[in-house]
Amino acid sequence: WPAHHPPHPMKLTLIGGALGVGIGFGLQNIVSNFVSGLILAFERPIREGDVIQLQTLNGEVRRIGFRATVVRTFDGAEVIVPNASLISQDVINWTLSDQQRRITVPVGVAYGSDPARIKALLLDVAGKFPAVLRTPEPFALFTGFGDSALNFELRFWTTDADRVAILKSDVTTAVNDALVSAGIEFPSPQRDLHIRSVGDAAATRVRGAAGTASWRGASSPRIAPPMR
């Protein structure tokens, strides 16, 4: 302001108040993250090397700072997470007490299969992997009747937390091989198609295709005459 026009005290008060509010909000986040960092350092609910899940974020804790924590995802990205988020939100720590992880392999087989035989095959597969713990022991469940399959689950535990996805893939592959070797059929979706009416030209084409399929030995649909 020019010397002959000094600032009005009210304007200075408004400017000072606005700056104070802005600085206050900024300091609030900084102080919140700093205090959260102290809580993480002393209570240690999360430690470096832990595998955590925060909403859609999954990864390994690499470094815990006073303001933020670095989490490396399984895709190789490093995410900077404010410490306040780790304190105020629900965090799943997969390795807080121990390294044990449970793995579930869903299996579907065709109707008519013997459930007792399927469960025995699944347990036999699990027992062939050294990484699968014997205590708690693996178990197989017949979980219900699906639209076109009998549904089972093979559940087992491992301490190899860094190779959970690889172990699940290997066990799933072994389950597939065991079922194929045992002659167990896999389900295929079944759908019924009901045609209420069809034009003459379309019906002729379908009958022609059905005749070709019958000549080749394939099953052919039965087409009723068009409804008038």
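For reference, positions follow the sequence shown, starting with 1.
Note: I46 CD1 to T95 OG1 = 10.0 Å, rounded to the nearest 0.5 Å.
Sorted by first then second residue, the ring pair (Phe, Tyr, Trp, His ring centres under 6.0 Å) pairs that include residues 95-129, not counting sequence neighbours, number zero. Residue pairs meeting the salt bridge (Lys or Arg N to Asp or Glu O under 4.0 Å) criterion with at least one partner in residues 33-57, sequence neighbours excluded, are R47-D50. Sorted by first and then second residue, the salt bridge (Lys or Arg N to Asp or Glu O under 4.0 Å) pairs involving residues 110-121 (not counting sequence neighbours) form an empty list. The salt bridge (Lys or Arg N to Asp or Glu O under 4.0 Å) pairs that include a residue from residues 89-105 number zero, where partners must be two or more places apart or lie in different chains. For residues 165-184, no pair satisfies salt bridge (Lys or Arg N to Asp or Glu O under 4.0 Å), with sequence neighbours left out.
The other residues sharing a hydrophobic cluster with V51 are F74, I92, W94, where clustering joins ILVMFWY side chains under 4.5 Å apart. Grouping Ile, Leu, Val, Met, Phe, Trp and Tyr by side-chain contacts under 4.5 Å, direct or through others, puts W157 with L133. Grouped with L38 in one hydrophobic cluster are F34, F42, F66, the linkage being side-chain heavy-atom contacts under 4.5 Å among Ile, Leu, Val, Met, Phe, Trp and Tyr residues.
With a 4.5 Å cut-off on side-chain heavy atoms, V61 and I52 count as touching. Counting heavy atoms from C-beta on, the side chains of R67 and S36 never come closer than 4.5 Å. Residues N151 and F142 have side chains not in contact (no heavy-atom distance under 4.5 Å, counting atoms from C-beta outward). Counting only heavy atoms from C-beta outward, the side chains of T172 and N176 never approach each other to under 4.5 Å. Contact annotation: the side chain of V71 never approaches that of E60 to less than 4.5 Å [non-hydrogen atoms, C-beta and beyond].
Shown here are the side chain to side chain contact (heavy atoms under 4.5 Å, CB included) partners of V70, two or more places apart in sequence or in another chain: R62, R63, E78, I80. Legend: residues meeting side chain to side chain contact (heavy atoms under 4.5 Å, CB included) with A131, ordered by chain and number and at least two apart, are T158, L167. Partners of I118 according to the side chain to side chain contact (heavy atoms under 4.5 Å, CB included) rule, which considers only residues two or more places apart in sequence or in another chain, are V109, S113, L122, F152, L179, I184. Looking at residues two or more places apart in sequence or on another chain, you find a side chain to side chain contact (heavy atoms under 4.5 Å, CB included) between P138 and L123, A126, V132, F156.
Under a cut-off of 6.0 angstrom, the local environment of CD in E185 is sparse, with at most 12 non-hydrogen atoms contributed by other residues, nucleotides or ligands.
No continuous path of ILVMFWY side-chain contacts below 4.5 Å connects L150 to L141, so the two sit in separate hydrophobic clusters. By the rule that hydrophobic residues join a cluster once side-chain heavy atoms approach within less than 4.5 Å of another member, V125 and V180 end up as members of one cluster. Connection of L40 to L57 is established within a shared hydrophobic cluster, with ILVMFWY side chains joined at heavy-atom distances below 4.5 Å, either directly or through further cluster members. In the hydrophobic clustering of this structure, V35 groups with I87; members are Ile, Leu, Val, Met, Phe, Trp, Tyr whose side-chain heavy atoms approach within less than 4.5 Å, directly or through other members.
Side chains of T69 and N83: a donor-acceptor N/O pair is present below 3.5 angstrom, by distance only.
N93 approaches L96 most closely through the heavy-atom pair OD1-N, 3.2 Å. Between P187 and A149, the closest heavy-atom pair is CG-CB, 3.3 Å.
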Derivation and outcome, side-chain contact (heavy atoms from CB on, under 4.5 Å), residues V171 and I103: CA-CA 10 Å; V171 173; I103 301 176; over 6 Å; no
